Structure formats: structure tokens, C-alpha cells
Colleague: 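There's a structure below that I have some questions on.
Heavy-atom basis, side chains included; hydrogens, waters and symmetry copies ignored. So that the names make sense, note that chain A is the first sequence line, chain B the second, and so on, each numbered from 1. No experiment lies behind these values; they were computed from the predicted model shown.
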2 protein chains.
Amino acid sequence: MEAVPRKTTIREVAQAASVGIGTISRVLNSSSQVSRETRARVLEAIRRLGFRPNAQARRILKRRAEMVCFLLSNRDFLHPFHARILQGVESYASGLKQHVLFAALHYSPRTPPDRIDLPPVLQEHGLIDGLILAGTIYPNLLRRIESIHMPFVAFSNNVVGMGDEEQFDQVGFDDFNGTLHATRYLIGKGHRHIVFAADVSYPWLWRRFEGYRQAMRENKLKHVLITSRNPQSFVDFGQKSAGRILSRQPRPTAAVAGNDEIAYGLWRALRRQGLKVPDDISLVGFDDREEAVLMDPPLSTVHVDKEEIGETCMKMLLERLHHPRMTFSQRILPTEFVIRGTVRQL
Amino acid sequence: MEAVPRKTTIREVAQAASVGIGTISRVLNSSSQVSRETRARVLEAIRRLGFRPNAQARRILKRRAEMVCFLLSNRDFLHPFHARILQGVESYASGLKQHVLFAALHYSPRTPPDRIDLPPVLQEHGLIDGLILAGTIYPNLLRRIESIHMPFVAFSNNVVGMGDEEQFDQVGFDDFNGTLHATRYLIGKGHRHIVFAADVSYPWLWRRFEGYRQAMRENKLKHVLITSRNPQSFVDFGQKSAGRILSRQPRPTAAVAGNDEIAYGLWRALRRQGLKVPDDISLVGFDDREEAVLMDPPLSTVHVDKEEIGETCMKMLLERLHHPRMTFSQRILPTEFVIRGTVRQL
DNA sequence: TTAGGGTGTGGAACCAGTTCCAGGGTTTGT
DNA sequence: ACAAACCCTGGAACTGGTTCCACACCCTAA
């Protein structure tokens with residue numbers, strides 16, 4: 001009854017259709033060099049025998065795995081942010097009949113490159129054609145990947161400690177202009193005392209700080225950076241920043257948070273102290289995570305199209321695979337400030 | 001496509017080490033039938049030539065892809081819940097040198113099985129050994145998967161419309177006992193008027209409702225089901241339920257939400273109406289999403305170990321691959337009520 | 001001395017596809 | 001009428017590993 005169907009091969013199909021094996025291959029690869037009747041006969045035989053070509057065998061000859069790996073490094077778990085990038089990679093890839101492998105990696109920035117233990121996917125050869133690097137990326141990981149000659153594209157916003165001379169394909173989004181526009185918006189709404197809250201030792205938060213500072217400078221306003229000591233997390237950072245913001249004289253009328261989590265922490269701590277957003281203080285975030293719309297009022301923040309990042313990474317990787325000697329490129333995707341409910345007109 | 005540089009093969013390594021190809025293979029597979037000196041010479045040659053065996057070629061012979069696919073169906077995006085399951089699958093798999101492919105699928109429950117368009121991974125043969133099904137699973141998808149004779153394990157909490165006679169490997173968690181314990185906890189805290197808010201047309205929410213009802217019955221308390229009309233989302237469902245809860249006489253002192261999103265919606269709507277959780281009304285959720293701890297006060301909810309689900313799915317799939325004729329099994333993982341700050345002692 | 005067992009090694013055959021070349025048939029050009 | 005060009009087709013050779021069998025060699029026992 002439940003007999004497992006014997007795996008049919010092209011030789012069996014060839015016999016069933018009374019043609020040669022080469023013809024089967026030609027039909028499968030839809031090369032036009034097959035007459036209409038022969039093609040029909042072959043397709044009929046394929047259907048009758050339930051034949052599905054073995055992907056592995058083809059890949060040996062083609063020297064292409066038609067598969068890439070999405071490698072998430074140094075993340076305790078797959079946050080929605082990276083999950084959406086992965087989704088972008090997958091949806092673009094599957095449209096081109098490319099497959100996406102998911103792997104995670106944990107490493108220290110101080111491990112020498114040749115001592116970094118790569119995940120199993122990268123230890124074998126021919127399993128994947130290329131790599132999309134996401135998560136925090138330090139130079140030693142890059143060196144390690146280069147040492148196995150694996151083409152890759154990096155999601156570059158979380159790249160840390162890289163000199164300008166570094167050359168590799170990268171896709172990122174525009175930290176600087178994101179906060180620049182957000183801050184200009186606040187200024188346009190009449191705000192003058194605006195603080196920026198984030199740990200700027202992270203390069204991406206530093207770039208956001210720079211955007212904020214630029215907007216302040218343009219308007220001859222004083223920039224103020226708020227940090228906090230020993231935060232447990234970004235949310236905690238935000239919570240701890242609240243007190244420091246409120247103790248300033250004159251009291252700031254608005255805060256730009258380095259990301260949505262800091263904004264959330266701030267919002268929560270402010271609310272606990274009986275202050276209302278945006279009535280008492282306006283607030284903007286960065287990243288536009290899922291929770292931003294859920295906050296009450298919903299958070300005005302800088303929107304980043306995560307799917308587009310994934311898609312662009314995949315697109316760039318495929319280009320690299322087609323043209324291995326092409327010069328490296330860097331793409332910065334635009335961000336967009338979305339107005340919701342946390343900024344008030346002064 | 002540009003020509004890919006030819007990589008070293010075992011034949012070249014064999015020549016370099018002055019041994020036969022069989023010996024190289026034996027060294028690679030660490031079979032003990034190789035003398036110490038020969039092994040050393042081979043390893044040296046491998047190192048010198050930078051040889052990495054071609055995974056594809058081995059797979060043809062082994063008839064194993066050492067790869068499984070995590071298929072997410074009918075989800076607009078990869079939510080943290082499923083992201084963590086995926087992570088569980090990956091971390092367990094990579095320890096066993098198995099690889100995990102990510103793919104997404106959208107289909108209608110009413111499409112006939114043979115008309116469901118499977119993702120590219122499943123159209124080829126030999127690419128993956130098995131499948132882990134997550135997302136909403138209707139019978140027609142199961143039929144479709146069975147038709148291509150692909151071993152699979154389903155994450156069964158979101159299985160819909162399946163008769164009891166259905167036989168397949170599944171892993172799920174305990175909806176019933178989750179709400180049972182949560183409700184008993186509320187009762188233990190002195191609550192008597194407890195409502196349950198959810199759309200129970202979803203089988204999993206129905207099971208949670210049953211757990212709640214059981215606890216109420218045990219204590220001779222009346223169960224009350226709160227639903228709402230045309231919700232846009234679970235959060236919206238929760239928001240719309242708030243009014244219905246408050247209009248009841250006597251006013252309920254506690255609410256069990258079908259999941260954390262409903263709980264969040266409820267919490268927000270209650271707060272807007274000037275009611276405090278847990279002072280005015282106690283609240284418990286289900287799932288223990290990331291946001292639960294972030295709510296203010298943090299949400300008491302039923303914790304589900306998502307990584308464990310993923311791990312168990314992978315484990316079960318590997319068992320199935322090793323023993324294809326084994327009878328189907330079903331594993332229900334325990335849930336745990338976690339006490340945070342949304343329940344008050346009456 | 002010979003038989004027997006165990007260990008180590010080489011390489012042909014194999015897996016399931018693709019590629020390519022030779023050859024047959026038909027059409028077109030002169 | 002004959003050659004050249006073209007289309008279609010069959011199948012050997014190939015890809016890069018694994019498997020397995022034959023065989024050489026060494027050691028021990030009868």
C-alpha cells in the first residue's frame with residue numbers, strides 16, 4: 001500500500017520515453033533543441049513515473065549550489081529586526097529559485113581570525129555559493145570569511161572597528177540622515193531644547209548622534225548627549241536616562257532616542273514619574289520596530305525597510321557571484337521619518 | 001556566469017600524498033583502517049593544497065542531504081515566536097552537523113492539495129531530507145506534503161481543521177494546562193469573577209478556553225467568554241474586549257487573555273479608561289512574548305519554551321529519518337505560568 | 001612450512017545528473 | 001544533382017566523492 005516510490009533516474013525516464021538520456025536532460029533544462037513531439041513524450045514519461053531530478057547531482061556539474069547562507073552573528077536570538085531582513089532575503093531568493101540557509105555564530109572580537117570556529121555550513125565546500133552576514137561584524141570575522149574565499153555581502157550597520165580602507169560588499173541604511181530629518185522635524189515643531197539619548201560608543205549610534213548634531217548646528221542650537229551608567233539593556237538605558245533628562249535646566253522639551261528600545265525605556269520611566277508624552281515632553285525613536293505602533297501614543301520614529309535590506313543584500317550577492325572580479329560596492333538605503341503621536345507642536 | 005575556478009579534488013590530493021583515492025576518502029571519514037603514517041601524510045597534503053571536500057558529491061552517494069527545511073506557512077512575517085522556534089531548530093541541528101533551510105509559503109485552506117504551489121526547495125529532489133512545518137497548517141497542505149513523500153514534523157499548535165484520525169509526527173505545547181494553571185492561580189489569589197477573552201474559533205484558543213473553563217468548573221465558578229466584533233488584529237481584539245468586560249455586572253476582577261497580544265490590547269484600553277492593572281483589574285496572558293516583560297507592570301503570563309519546541313521538532317524529524325516506518329508520535333511540551341506584576345491578591 | 005586471520009591500500013565501479021561530439025535526416029543554396 | 005547548413009538525437013565521457021573487492025603484507029598457530 002504505502003510502498004515508497006522507487007527513485008527514478010533520467011535513465012529510466014529515457015527508457016520509458018524511448019529516447020536517449022541527453023534528450024531528457026535537454027527537456028529538463030528547457031533548451032530549445034528538442035522537437036515538439038519528443039518533448040511531449042518525455043514530459044509524459046516524467047509525469048507517469050513521478051520523476052523529480054536529483055538536485056545534488058546537477059549541482060556537481062553546474063558548480064553552483066544555488067544556495068546562500070544567512071549568517072547571524074553574536075545575537076542571543078533572532079530579533080524581529082533581523083528576522084525581517086532574513087525574510088527579505090528569502091522572498092527575493094525564492095523568486096530566483098535560490099535557497100536560503102540559516103545559521104548562527106558566536107565569536108569574540110578578540111579571537112584571532114584563524115581560530116574562529118565557523119558553523120558546519122562553511123566548513124564544507126560547494127554547499128553554498130555565498131554568504132549574507134548579519135549581526136555584529138568585527139574585522140576578525142571578515143578576515144576569517146575571506147580566508148575560505150567565500151563571496152559575501154555584509155549588512156553594514158552593525159559593523160564595528162573597521163577602517164575606511166576595508167573593502168567588501170555592503171548594504172546598510174542611512175543612520176545620519178534618519179536622525180537629521182527627525183531632529184529637523186522637532187525643530188520645525190518649535191522645539192529648541194532637544195537632547196539625544198544613546199550610548200554613542202556603538203558606531204551606528206554615533207552616526208545617529210552626528211545626524212542629530214548636524215540638525216542642531218544648522219539651527220544654532222546646543223546639542224546635549226544623555227548617557228547612563230551600566231545599563232542592562234537598551235530599554236534600561238532609556239529608563240535610566242529619563243532622570244538625567246528631567247534634571248536639566250531648562251527642562252528639554254524633546255528627546256531623540258538612539259533607537260526604539262531606548263525610546264520605550266524613556267517613555268516608560270517618564271510615565272512613571274507622572275509625565276505625559278507628548279504633552280510634557282516629545283519623543284522620537286529610530287528603527288520602527290513592531291512595538292513602535294503599539295506604544296501609547298504610537299511612537300514617531302525613523303522607519304527602516306528591513307525587507308528591502310534583505311532583498312538588496314541578496315541582489316548584491318548574486319551580482320557578486322556573476323561577476324567575481326567586479327569592484328566592491330556599498331549601498332546605503334534611505335530611511336524615512338514617520339509621524340505618529342509622540343511629538344507635539346510647541 | 002563566469003567560470004568558477006576549479007577546486008582541488010581527492011584525486012589531486014591522492015597524487016600529492018602518493019596514495020590511492022580510497023585512502024583519502026578513508027581519512028576524510030575517519031575510518032580507522034588507515035595507518036598512522038599514511039594518515040599524517042594525507043592530512044599534510046590536504047592542508048598544503050587547501051583541500052575542502054565537495055559536500056554535493058558526497059551527498060549523492062550517501063543519499064542524505066543532511067539538510068532540513070523550516071517551512072513557515074501563512075504568516076505575513078517571521079514573528080519572534082516562530083523566529084525562536086527556528087533558532088531552536090538551528091542550534092540543535094548545527095550541533096549534529098545538519099543544516100537548516102528557511103522557506104516561506106502562502107496558500108489558501110481551500111486550494112486543492114495538488115494545486116498548492118510548493119516553494120522551490122520542495123520541487124527538487126534530494127535537496128532536503130525532511131521538513132519542519134510551522135505556521136498555520138490546514139489539511140490540504142498536509143496532503144500536498146504527503147504527496148511528494150517528504151518526511152515531516154509539524155509544530156501542531158496552529159494545526160486547523162484536522163480530524164482525530166490524522167496521523168503525523170507533531171510537537172506542540174500544552175494550551176489546556178497553561179490556562180488551567182493560570183486560572184487556578186487567579187482563583188487562589190481570591191478572584192471569583194474571571195473572564196476569558198479570545199476568539200475561540202481558533203483551535204488553540206479554544207483549548208485555552210477549555211483550560212480556563214475547567215479551572216472555573218472545579219471551583220464552581222461561572223465561566224464568561226468575551227469576544228469582539230471584526231477585530232483588525234489580536235491587539236485590536238483585546239482593545240475592543242475591554243468595554244465588554246467593564247460593562248458586566250458585577251464587574252470582573254480578573255481577565256484571562258487568550259494570548260499576550262490580546263492581553264496587551266486589553267491593558268492599553270483599560271489604562272485609557274483610567275483603570276489600573278492590577279489595582280482595578282488583574283490580567284494574565286499566554287505565550288510569554290518578548291514584550292510581556294516590557295509591559296508596565298510586566299505581564300504575568302503562561303511561558304512557552306520556543307527553543308525547546310524547535311529542538312524537539314528537529315529531534316523528532318531525525319528519528320523519523322532514521323526509522324521511516326516508526327509509528328507516528330505526538331509530543332506535548334509543558335507550559336509554565338510565570339508570576340510577574342499584573343495579578344493582585346484580593 | 002603452510003594455512004589462516006587481520007590490517008592496510010589501490011583503484012574500478014558507481015551515483016545521477018550534464019556536456020559534447022558524432023551522426024542521421026531534412027532543408028536550403030548553387 | 002550535390003554540397004552545405006541546420007536541426008535533432010543518442011550516448012560516451014565526465015563531475016567528485018564513496019564503496020567494495022582484490023590483493024599485498026605481516027603475524028601467529030598447527
Colleague: Just N and O in the side chain of A:S35: are any of them under 4.0 Å from OP1 or OP2 of D:dC7?
Modeller: no

Colleague: Charged N to carboxylate O under 4.0 angstrom, B:E124 versus A:R52?
Modeller: no

Colleague: Classify A:T9 by what it touches in the nucleic acid, base, sugar-phosphate, or nothing, heavy-atom distance under 4.0 Å.
Modeller: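 Sugar-phosphate: the residue A:T9, judged by heavy atoms under 4.0 Å, touches backbone atoms but no base.
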
Colleague: Please compare A:G20 and A:R11 by the position of their nearest nucleotide in DNA chain D and report the one closer to 5'.
Modeller: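 Whichever sits nearer the 5' end wins; that is A:G20.
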
Colleague: Who pairs with B:V68 by side-chain contact (heavy atoms from CB on, under 4.5 Å), at least two apart in sequence or on another chain?
Modeller: B:V100, B:M314, B:L317

Colleague: Just compare D:dC14, D:dA12, D:dG16 and give me whichever is closest to any side-chain atom of A:I60.
Modeller: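 Nearest to the side-chain atoms of A:I60, counting from C-beta on, is D:dG16.
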
Colleague: Checking side-chain polar atoms at under 3.5 Å, does B:Q87 have a donor or acceptor matched by the opposite partner on B:H82?
Modeller: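 Distance-only check fails for B:Q87 and B:H82.
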
Colleague: D:dG16 P sits how many Å from B:R52 CZ, rounded?
Modeller: 15 Å

Colleague: If I take atom CG in residue A:L61 and atom P in nucleotide D:dG17, what distance separates them, rounded to the nearest angstrom?
Modeller: 13 Å

Colleague: Rounded to the nearest Å, what distance is computed from the NZ atom of residue A:K62 to the P atom of nucleotide C:dC20?
Modeller: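 Rounding to the nearest Å, NZ of A:K62 and P of C:dC20 are 11 Å apart.
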
Colleague: Take the protein atom CG of A:L28 and the nucleotide atom P of C:dT19, then report the distance between them rounded to whole Å.
Modeller: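 Distance, rounded to whole Å: 12 Å.
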
Colleague: Which of the following nucleotides, D:dG17, D:dA12, C:dG17, is nearest to the side chain of B:P53?
Modeller: D:dG17

Colleague: Mapping B:V19 and B:R63 to their closest nucleotides on DNA chain C, which lands nearer the 5' end?
Modeller: B:V19

Colleague: Describe the nucleic acid contact of B:S25 in one word from base, sugar-phosphate, nothing, applying a heavy-atom distance below 4.0 Å.
Modeller: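 Counting heavy atoms under 4.0 Å across all strands, the contact made by B:S25 includes a base.
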
Colleague: Touch check for B:R59, heavy atoms < 4.0 angstrom, all strands: base, sugar-phosphate only, or nothing?
Modeller: nothing

Colleague: Can you tell me the distance, in whole Å, between the CG atom of B:L127 and the P atom of C:dG17?
Modeller: 13 Å

Colleague: Do the side chain of A:R26 and the base of D:dG10 come within less than 3.5 angstrom through a donor-acceptor pair of N or O atoms?
Modeller: yes

Colleague: Give a yes/no answer on whether the side chain of A:T38 brings an N or O atom under 4.0 Å of OP1 or OP2 in D:dC8.
Modeller: no

Colleague: Nearest-Å distance, CD1 (B:I24) to P (C:dG10)?
Modeller: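 So the CD1-P distance, B:I24 to C:dG10, works out to 9 Å.
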
Colleague: Whole angstrom is fine here: how far is it from CD1 in B:I10 over to C1' in C:dA12?
Modeller: 13 Å

Colleague: Tell me the interatomic distance from A:H125, atom NE2, to D:dT15, atom C1', rounded to whole angstroms.
Modeller: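 Interatomic distance, NE2 of A:H125 to C1' of D:dT15: 14 Å.
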
Colleague: Toward the 5' end of DNA chain C, which comes first, A:G22 or B:R41, by nearest nucleotide?
Modeller: B:R41

Colleague: Any side-chain N or O of A:T23 below 4.0 angstrom from OP1/OP2 of D:dT9?
Modeller: no

Colleague: Among D:dT9, C:dT18, C:dA13, which is the nearest nucleotide to the side chain of B:I21?
Modeller: C:dA13

Colleague: Check this for me, if you would: do B:E44 and B:R47 make a salt bridge, where the nitrogen-to-carboxylate-oxygen distance has to be below 4.0 angstrom?
Modeller: yes

Colleague: Between B:R84 and B:E90, does any side-chain N to carboxylate O distance fall below 4.0 Å?
Modeller: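 Here B:R84 does not pair with B:E90 in a salt bridge, since their nearest N and O are not under 4.0 Å apart.
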
Colleague: Taking only side-chain N and O atoms of B:N54, does any of them lie within less than 4.0 angstrom of OP1 or OP2 on D:dT15?
Modeller: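 Checking D:dT15 against B:N54, no side-chain N or O comes under 4.0 Å of OP1 or OP2.
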
Colleague: Using 4.0 Å as the upper bound for N to carboxylate O, is an ion pair formed by A:K306 and A:E311?
Modeller: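 Here A:E311 does not pair with A:K306 in a salt bridge, since their nearest N and O are not under 4.0 Å apart.
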
